[in-house]
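The analysis underlying the following values was restricted to heavy atoms, covering all of them including side chains, and did not include hydrogens, waters or symmetry mates. In what follows, every chain begins at residue 1, and chains take the letters A, B, ... in the order their sequences are listed.
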Amino acid sequence: MGLPNASEDLSSEMEVDAFRRLFPLRYFERHLAESIRPDARSLSRARNTTISMGAVASADGSALAKIGSTTMLAAIKMEVMTPSLESPDEGCVSIDFHMPPICSPLVRPGRPAEAAPVVAKQLSDTISSSGMINLKELSLVGGKAAWMVYLDIYCLDADGALFDAALLSAVAAFSNLQIPTVSLDDGKIVMLPEEQKEENSEKEPVNKEKRKLTLGGIPFSLTCILHKNYILADPTSEEESIMETLVTVVLDSSNQLVSLYKPGGAVLAYTSAVQDCIALTRQRVKELHQILEEAISGMEID
Amino acid sequence: MEVDRADGRNPNQLRPLACSCSILHRAHGSASWSQGFRFIQTSHFYHFNLFVFTSKCYFCYWVGSGDTKVLAAVYGPKAGTKKNENPEKASIEVIWKPRTGQIGKPEKEYEIILKRTLQSICILTINPNTTTSVIIQVVHDDGALLPCAINAACAALVDAGIPMKHLAVAICCCSAESGYCILDPTKLEEQKMKGFAYLVFPNSILSVLPEGSSLVQGEPMEHGIITSVTHGAMSVDDYFHCLERGRAASAKLSDFLRRSLQSKLPGDLSKAE
């Protein structure tokens with residue numbers, strides 16, 4: 001006698017699922033009217049965020065950041081280069097963002113994702129305009145040698161708010177970065193493996209010990225969806241595909257506006273909506289700051 | 001704080017605008033949009049009276065700030081869409097051609113921003129399963145390149161007769177220290193200033209409806225931001241300041257766009273007969 005009941009349950013379950021697939025916008029709007037989202041978050045709530053430092057052993061600095069199921073792996077490799085003539089006492093940061101086919105069903109092998117170069121460009125703009133990294137600090141010998149920092153970010157799972165997760169992983173990787181020891185050998189800069197440090201003591205060390213980079217204003221971001229009068233913080237990829245107006249606000253720790261990025265979209269952003277987005281980002285910056293600090297202190301205890 | 005601009009403009013002054021439509025014959029619609037004129041002034045001369053000799057130098061130099069000029073061509077709507085596109089909607093593709101060389105990351109970003117902006121002003125449900133190509137050729141870049149390209153693309157779409165909800169007008173605002181703001185910067189000013197924002201607004205609407213009827217959230221429709229891209233850090237107040245100035249300037253820009261599109265209207269009608 002339990003059987004018909006079970007099938008009824010199944011059919012009602014199927015109906016919701018079918019409704020979601022057939023009328024995705026209506027499905028979402030029914031939820032939004034009740035001030036809740038299908039994943040049980042309130043509209044202004046971001047997903048669970050975690051950072052784990054030092055995820056890649058072979059890199060000079062690395063971090064794995066997760067916002068919900070969006071996962072980004074950032075790793076930094078440093079190399080010594082000759083600085084350019086225009087800026088002889090500055091290092092250089094090169095940022096690359098990769099979206100391999102595993103990250104999303106929309107990315108096909110052999111065809112690079114459309115979003116990847118845009119996120120990479122946004123990231124390098126944000127990091128350079130926030131002044132987080134003092135390029136002068138990356139100089140080794142003025143005019144002769146400076147650090148070239150290669151930051152590579154791999155998207156392992158693309159489930160919305162790609163830029164937020166990528167920026168968070170980049171910031172975490174930079175705060176995890178340990179600048180390796182190098183020494184000057186006949187005017188040439190040589191990387192020193194740790195165990196050789198004592199043997200090569202006759203060589204002139206340029207920087208004696210591993211040190212951390214001092215970070216200026218750290219930028220954090222929040223992406224919001226604008227739909228009618230609703231503002232949804234931290235969208236999933238499903239939400240992004242249904243409601244297309246995205247606003248990404250980047251604020252640094254002193255609440256300076258680093259970027260306000262809205263590439264088109266059917267909904268126009270009025271002053272009040274922009275202010276609301278900025279207010280949401282302010283809250284989120286505090287949260288992220290705490291999460292980052294916890295991750296760093298957790299690393300030090302280890 | 002007052003900042004002297006190299007070309008003697010006041011902070012709210014735009015460079016002279018020029019827009020011409022239907023300049024390419026094979027394209028379905030085309031437009032060129034330029035901000036600023038380049039002209040040479042040769043009549044200036046300077047006397048240097050020195051002890052031994054008198055020399056008369058004729059100076060030939062660029063007056064003004066140079067110009068930003070962009071050519072836009074529209075082909076379409078053409079049959080078929082690219083893969084992964086929605087078959088119920090028209091798709092728009094944007095191809096950005098820089099003045100020299102290959103396209104890099106900045107151009108890719110411009111392509112996407114322009115595509116998303118155009119998608120939000122076009123009525124995509126009218127010609128489903130078609131592709132409209134917008135090709136942007138940069139002729140000369142002296143600051144505010146993306147706004148210039150958006151304005152050109154918009155004029156070209158009108159020229160091609162693509163159905164649109166409204167026009168878009170784009171403007172670049174620069175913000176300096178202490179909340180000072182200048183409009184339509186040259187490349188040099190863009191680099192010098194603390195931060196700048198590319199803003200795109202809908203054009204102001206001429207309508208017979210009573211004033212206030214088109215208010216959305218207490219603001220006129222044309223104050224809504226379609227696209228906003230910022231570079232460089234600025235305070236939140238500075239951004240809103242830029243927004244205010246940009247809105248004021250966009251009204252003038254949309255008047256100009258309307259005028260230059262209206263002037264070609266009678267000819268178009270005779271063509272249609």
Side-chain angles (χ1 to χ4, degrees), chain A residues 95-97 105-108 111-112 114-126 128-132 216-217 219 226 229 241 244-252 254-279 281-282, chain B residues 82-84 86 92 103-122 124 150 165-166 168 175 194-202 215-240 242-244 247:
Chain A
I95 296 171
D96 227 341
F97 181 72
L106 296 174
V107 184
R108 310 283 292 278
R111 201 184 305 161
E114 206 183 24
V118 181
V119 174
K121 175 76 182 13
Q122 253 183 295
L123 272 175
S124 55
D125 277 350
T126 304
S128 69
S129 50
S130 68
M132 178 172 73
L226 300 184
N229 288 331
S241 66
E244 286 168 344
T245 313
L246 294 170
V247 180
T248 303
V249 183
V250 186
L251 294 173
D252 68 8
S254 56
N255 274 336
Q256 282 265 88
L257 185 74
V258 179
S259 158
L260 198 145
Y261 185 78
K262 177 182 187 285
V267 181
L268 301 173
Y270 292 94
T271 311
S272 60
V274 174
Q275 275 166 338
D276 289 347
C277 286
I278 292 174
T281 312
R282 281 206 177 114
Chain B
K82 284 195 299 178
K83 273 178 193 168
N84 296 329
N86 189 343
I92 291 178
I103 77 164
K105 269 185 202 163
E107 287 80 16
K108 279 258 167 65
E109 196 198 13
Y110 286 161
E111 274 185 358
I112 297 262
I113 294 168
L114 192 53
K115 182 178 147 186
R116 300 244 175 96
T117 306
L118 296 180
Q119 271 174 342
S120 61
I121 60 166
C122 290
L124 299 173
I150 291 174
K165 286 184 252 180
H166 46 72
S175 156
K194 194 174 61 159
F196 60 91
Y198 296 145
L199 300 167
V200 186
F201 301 101
L215 288 186
V216 188
Q217 295 175 17
E219 282 181 283
M221 204 272 267
E222 62 263 29
H223 280 190
I225 308 164
I226 300 178
T227 296
S228 157
V229 180
T230 67
H231 289 259
M234 56 176 106
S235 72
V236 176
D237 290 343
D238 283 353
Y239 178 76
F240 282 109
C242 280
L243 213 57
E244 205 178 284
R247 281 170 180 157

- Task: Measure distances from V267(A) to the heavy atoms of chain B and classify the residue's part below 4.5 Å as side chain, backbone, both or neither.
- Result: backbone
- Can you tell which part of D252(A) gets under 4.5 Å to a heavy atom of chain B, answering side chain, backbone, both or neither? neither
- Task: Measure Y198(B) against the heavy atoms of chain A and call it side chain, backbone, both or neither at under 4.5 Å.
- Result: neither
- Item | Part of I112(B) lying under 4.5 Å from any heavy atom of chain A | side chain
- Message: Please rank E111(B), R247(B), K194(B) by heavy-atom pairs under 4.5 Å with chain A and give me the top one.
- Response: R247(B)
- Sort out for me which of I226(B), T117(B), V236(B) touches chain A most, counting heavy-atom pairs under 4.5 Å. I226(B)
Within a strict 4.5 Å, meaning less than it, do heavy atoms of the [X] and [Y] side chains meet?
{"X": "F201(B)", "Y": "E222(B)", "answer": "no"}
{"X": "V200(B)", "Y": "I225(B)", "answer": "no"}
{"X": "V258(A)", "Y": "M132(A)", "answer": "no"}

- Item | Winner by heavy-atom pair count (cut-off under 4.5 Å) against chain B, out of T126(A), L260(A), D125(A), V118(A) | L260(A)
- Closest heavy-atom pair, G224(B) versus P202(B), reported as atoms and distance to 0.1 Å, is O-CD, 3.1 Å
- Item | Intermediate values then yes/no, side chain to side chain contact (heavy atoms under 4.5 Å, CB included), M221(B) and Y270(A) | CA-CA 9 Å; M221(B) 204 272 267; Y270(A) 292 94; 3.9 Å; yes
- Message: So does A197(B) get a backbone contact from the side chain of T230(B), meaning a donor-acceptor N/O pair under 3.5 Å?
- Response: no
